[in-house]
Amino acid sequence: MPIRDAAITSTTLPHLVFDSQFLDFAFNYSFDYEFDAGVGNAARIINKILLQHTGPILGFHLMSNDDYMGKYLDPWIIFVSKHGIQKLTIHLPDSREYELPYGILTCSSLTHLEVFASAVFKPSDCVKFPNLVSLELEDTQIEFAPKLENLTIDDIDIENLNPIVTSIKHLSLDGSSLKTLAELFHVPADRLVLPQNLQTLKICDLKISVEQFPCALILLRGSSNLYELDLSVAVQVEESDIRELSSYLSKAESHVNEALSMIQKMRVKEFKGSRAEMYLIKLLLAHSPKLEKMIVEQFKNFNSGECIEHLKELISFPRASTKAVIKYL
């Protein structure tokens, strides 16, 4: 529905999205004497849409690059938390620190939450997000969520993760978060409470180094039900990093075998043909006895000669699984 019509008339639309297109409209168009063009226009329009809304609001999504939008959020979030909200998305500039209101922490209808902002969830005695199953966070501090199954994290500070980590089934994180994640467990790394129910793991910007790789091994070794692994490699890696990691892994071969023992499907994304990526794929193929498919997705359109050379090298690598097939996209 056009923004103008949604704002002027009552609506029963269950999902409300206020993105850059909406903000551009709000900043540049005044269609009602109640709305003054300028920074408050978008907030007034959202207020009108919410007040005239009938029926449940299942999704509320605000994506803004402007700091000022954060000061209007509290009443909107409190409002939708009382109208059946299931999916809540908040994107604010990194410079904006925002504390989510208490009411959303205990909202029983909320199942999916995505927060990309300098957001803070203040500690309290309440059960936070009692029915949340999917959480995506960036640059956020949080304690959470007894039923969490899907977790995506990037540059965040997680406290008290151990009590709920066993429920997670799908985890996505960046390479730099690996070390942070291990540090945030309040026990030695070799005694972490690990996600026993984890089924899929995605790691982006994994650095081929002894700083990040051992943390990945700890996570993999503790995830006995893991069957799918997605990786993308940070290719800005020195030759010395690869040599140092190779030396480390030669002494930890049993840990590598344990970490990869149950994985059936692997995917390497944004493949650029670097030495670091080739080293990683060779390692994965050599230590994954149950692997059925390795998918390699190239980063950009190489010429046919480069593709052929990459594929020749990939299919020459030894494989622990006789069923393993390499698919090069």
Side-chain angles (χ1 to χ4, degrees), residues 112 114 116 134-136 138 149-155 168-178 195 198-209 212-213 215-217 219-221 223 225-239 241-242 245-246 249 256-257 259-329:
H112 294 71
E114 180 178 324
F116 287 3
S134 179
L135 179 63
E136 296 187 38
E138 179 178 320
E149 295 182 359
N150 306 284
L151 176 62
T152 300
I153 59 177
D154 183 8
D155 190 24
I168 295 173
K169 294 182 179 179
H170 310 284
L171 176 62
S172 177
L173 69 165
D174 66 342
S176 62
S177 296
L178 279 170
L198 194 65
Q199 298 174 6
T200 66
L201 174 63
K202 297 181 181 181
I203 306 175
C204 63
D205 293 326
L206 175 65
K207 186 177 181 181
I208 304 300
S209 70
Q212 290 187 7
F213 220 85
C215 300
L217 286 181
L219 189 57
L220 290 168
R221 288 171 61 202
S223 306
N225 292 306
L226 186 71
Y227 64 84
E228 184 171 340
L229 179 63
D230 284 18
L231 301 171
S232 64
V233 180
V235 296
Q236 295 80 8
V237 176
E238 301 293 334
E239 191 73 24
D241 291 325
I242 299 177
L245 179 61
S246 179
L249 293 177
V256 178
N257 290 334
L260 302 175
S261 62
M262 300 302 294
I263 297 179
Q264 301 172 29
K265 181 179 179 180
M266 295 183 183
R267 186 184 301 266
V268 177
K269 297 180 178 179
E270 301 181 353
F271 177 77
K272 304 175 184 66
S274 68
R275 179 168 168 78
E277 291 168 308
M278 288 295 187
Y279 173 81
L280 177 63
I281 293 174
K282 186 175 183 179
L283 178 74
L284 296 174
L285 289 171
H287 295 275
S288 303
K290 293 192 175 182
L291 185 66
E292 297 177 1
K293 183 182 290 187
M294 163 75 79
I295 300 173
V296 180
E297 298 179 2
Q298 66 182 33
F299 176 68
K300 60 182 180 179
N301 292 323
F302 296 108
N303 62 52
S304 57
E306 288 178 303
C307 291
I308 291 172
E309 291 304 312
H310 290 156
L311 186 56
K312 283 182 179 179
E313 186 170 0
L314 291 171
I315 64 176
S316 71
F317 293 152
R319 307 173 202 181
S321 170
T322 58
K323 298 180 180 179
V325 173
I326 297 176
K327 188 173 183 179
Y328 184 85
L329 305 178

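Positions are given from 1, in the same order as the sequence printed here. Predicted model, so just to flag it, every value in this text is computed and none were measured.
At least one side-chain heavy atom of Leu249 sits under 4.5 Å from a side-chain heavy atom of Leu217. For the pair Ser321/Lys290, no side-chain contact is recorded, criterion being any heavy-atom separation below 4.5 Å from C-beta on. Side-chain contact between Gln199 and Leu226 is absent, with no heavy-atom pair separated by less than 4.5 Å. Contact check for Leu284 versus Leu231: side-chain heavy atoms found under the 4.5 Å cut-off. Counting heavy atoms from C-beta outward, Leu201 and Leu219 have side chains that approach closer than 4.5 Å. The side-chain heavy atoms of Ile281 and Phe317, taken from C-beta on, include a pair separated by under 4.5 Å. For the pair Val256 and Leu220, the minimum side-chain heavy-atom distance is 4.5 Å or more. Contact check for Lys327 versus Leu329: side-chain heavy atoms found under the 4.5 Å cut-off.
How far CZ of Phe116 is from CD of Glu114: 4.5 Å, rounded to the nearest 0.5 Å. Once rounded to the nearest 0.5 Å, the distance linking CG of Asp174 with CD1 of Ile203 reads 9.5 Å. Distance check: His170 NE2 to Lys202 NZ gives 9.5 Å after rounding to the nearest 0.5 Å. Here the straight-line distance linking atom CD of Glu270 with atom CD of Glu297 works out to 9.0 Å at 0.5 Å rounding. For the atom pair NZ of Lys323 and CD of Gln264, the computed distance is 9.5 Å after rounding to the nearest 0.5 Å. Atom CD1 of Ile208 is separated from atom OG of Ser274 by 8.0 Å, given to the nearest 0.5 angstrom.
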Item to check | side-chain contact (heavy atoms from CB on, under 4.5 Å) between Leu291 and Leu285, intermediate numbers included | outcome: CA-CA 8 Å; Leu291 185 66; Leu285 289 171; 3.7 Å; yes

Checklist entry - Asp230 and Lys269: side-chain contact (heavy atoms from CB on, under 4.5 Å), yes or no, with the steps? => result CA-CA 7 Å; Asp230 284 18; Lys269 297 180 178 179; 3.6 Å; yes

Checklist entry - So Glu228 and Ile263, side-chain contact (heavy atoms from CB on, under 4.5 Å) or not? Walk me through it. => result CA-CA 6 Å; Glu228 184 171 340; Ile263 297 179; over 6 Å; no

Checklist entry - After noting the C-alpha distance and the side-chain angles of His310 and Tyr328, does the key distance pass the side-chain contact (heavy atoms from CB on, under 4.5 Å) rule? => result CA-CA 9 Å; His310 290 156; Tyr328 184 85; 3.3 Å; yes

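Without hydrogens or angle criteria, Glu149 side chain to Ile168 main chain gives no donor-acceptor distance under 3.5 Å. No donor-acceptor pair under 3.5 Å is formed between the side chain of Ser246 and the backbone N or O of Ile242. Side-chain atoms of Arg221 never come within 3.5 Å of backbone atoms of Ala259 as a donor-acceptor pair (strictly under, hydrogens ignored). Checking side-chain atoms of Ser209 against main-chain N and O of Asp241 turns up no donor-acceptor pair under 3.5 Å. Side-chain atoms of Ser223 do not come within 3.5 Å of backbone N or O of Asn225 as any donor-acceptor pair.
The two atoms that bring Leu198 and Thr200 nearest to each other are CD1-O, 3.6 Å, heavy atoms only. In terms of heavy-atom proximity, Glu277 sits nearest to Val233 at CG-CB, 3.7 Å. Looking at every heavy atom in both residues, Cys204 comes nearest to Ser232 through CA-OG, 3.1 Å.
The pair Lys265-Glu292 fails the salt-bridge criterion, with no side-chain N (NZ, NE, NH1 or NH2) lying under 4.0 Å from an Asp/Glu carboxylate O.
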